Amino acid sequence: NAGVTQTPKFQVLKTGQSMTLQCAQDMNHEYMSWYRQDPGMGLRLIHYSVGAGITDQGEVPNGYNVSRSTTEDFPLRLLSAAPSQTSVYFCASSRQGSREQYFGPGTRLTVT
Amino acid sequence: QQQVKQSPQSLIVQKGGISIINCAYENTAFDYFPWYQQFPGKGPALLIAIRPDVSEKKEGRFTISFNKSAKQFSLHIMDSQPGDSATYFCAALTGGSYIPTFGRGTSLIVHP
């Protein structure tokens with residue numbers, strides 16, 4: 001199993017551009033989440049999903065959209081990038097009934 | 001409002017020493033307390049976890065100590081090695097939840 005994969009690994013955007021961060025998992029996990037990691041701020045939850053077709057907002061959802069059309073994929077869309085969205089983004093998945101989250105390798109995003 | 005407070009933010013230890021990272025929480029509904037380890041450029045991964053019905057859990061050189069009355073828990077790394085250099089996150093989950101509340105992280109450096 002590849003586990004949780006994320007693409008791209010690095011991305012530079014200009015203010016106002018849009019893009020989609022991809023996340024996929026091959027473990028048939030029901031739950032998926034997106035976090036951003038900033039120095040001194042830990043891991044902050046952006047959006048999460050308990051299954052295909054179901055998504056909800058986390059702690060810092062503004063400026064981001066998600067959808068979950070399949071169990072495997074959970075893309076994160078930046079609608080109009082801002083410098084404040086410069087961060088490292090992690091996707092995670094977990095199995096129903098388990099408390100363990102499996103994280104992807106992350107995407108480092110810079111918005112200039 | 002920080003639900004899980006983690007300290008210190010950074011820690012430098014000599015090889016062979018003991019590393020201690022502390023976390024405190026307020027929500028008495030938390031019933032599962034994992035620690036995640038993150039190496040540079042990688043996603044976090046579950047290291048060790050404890051439930052509040054035990055006061056200590058040990059896995060190799062890593063030990064979680066749990067004080068339910070004080071609402072505190074800590075990670076002890078015995079005989080710290082340079083390979084332990086990483087960021088450590090404590091977390092807490094309420095019953096039935098699969099989304100952890102993370103502390104802000106501790107950057108550990110173990111000098112050879």
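Computed from a predicted structure; not experimentally measured. First the proteins, then the strands, lettered A, B, ... as listed; each starts at 1.
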Sort [X] into side chain, backbone, both or neither according to what part of it lies under 4.5 angstrom from a heavy atom of chain A.
X     : answer
B/F89 : side chain
B/P34 : neither
B/S97 : backbone

If you look at every heavy atom in B/T94 and A/R99, which pair is closest and at what distance?
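What the structure gives for the nearest pair is O-NH2, 3.6 Å.
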
Check B/Q9 against A/G40 and note the closest heavy-atom contact, atom names and distance.
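Looking at all heavy atoms of both residues, the closest pair is NE2-CA, 3.8 Å.
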
For B/M78, does the CE atom sit with more than 12 other heavy atoms under 6.0 Å from it, leaving out its own atoms?
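For B/M78, atom CE is not crowded (no more than 12 foreign heavy atoms under 6.0 Å).
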
For A/R44, I'd like to know if atom CZ has over 12 heavy atoms of other residues, nucleotides or ligands within 6.0 Å.
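It does: A/R44 CZ has more than 12 such atoms within range.
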
Any link between [X] and [Y] through a network of hydrophobic side chains (Ile, Leu, Val, Met, Phe, Trp, Tyr) touching at under 4.5 Å?
X     : Y     : value
B/L47 : B/F73 : yes
B/L75 : B/Y25 : yes
A/M32 : A/V50 : no
B/L93 : B/F30 : no
B/V54 : B/F66 : yes

Got a second to check how far B/L46's CG is from A/S94's OG, nearest 0.5 Å?
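Taking CG in B/L46 and OG in A/S94, the distance rounds to 11.5 Å.
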
Spacing of CD belonging to A/E100 relative to OH belonging to B/Y36, to within rounding of 0.5 Å
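So the gap between those two atoms works out to 5.5 Å.
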
Using heavy-atom distances under 4.5 Å, tell me whether [X] contacts chain B through its side chain, its backbone, both, or neither.
X     : answer
A/V88 : neither
A/Y35 : side chain
A/L45 : side chain
A/Q37 : side chain

Are the side chains of B/I99 and A/E59 in contact, using a 4.5 Å heavy-atom criterion?
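When only atoms from C-beta onward are counted, B/I99 and A/E59 do not touch, as no gap falls below 4.5 Å.
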
Should B/Q38 and A/F90 count as side-chain neighbours, where that means a heavy-atom distance under 4.5 Å?
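Heavy-atom side-chain distance check passes, below 4.5 Å.
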
Heavy-atom pairs under 4.5 Å with chain A: which of B/P44, B/A91, B/G105 has the most?
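Option with the greatest count: B/P44.
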
Check the orientation of A/Y31 and B/Y98. Use parallel for under 30°, tilted for 30 to 60°, and perpendicular for over 60°.
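If you compare the ring of A/Y31 with that of B/Y98, the planes turn out parallel.
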
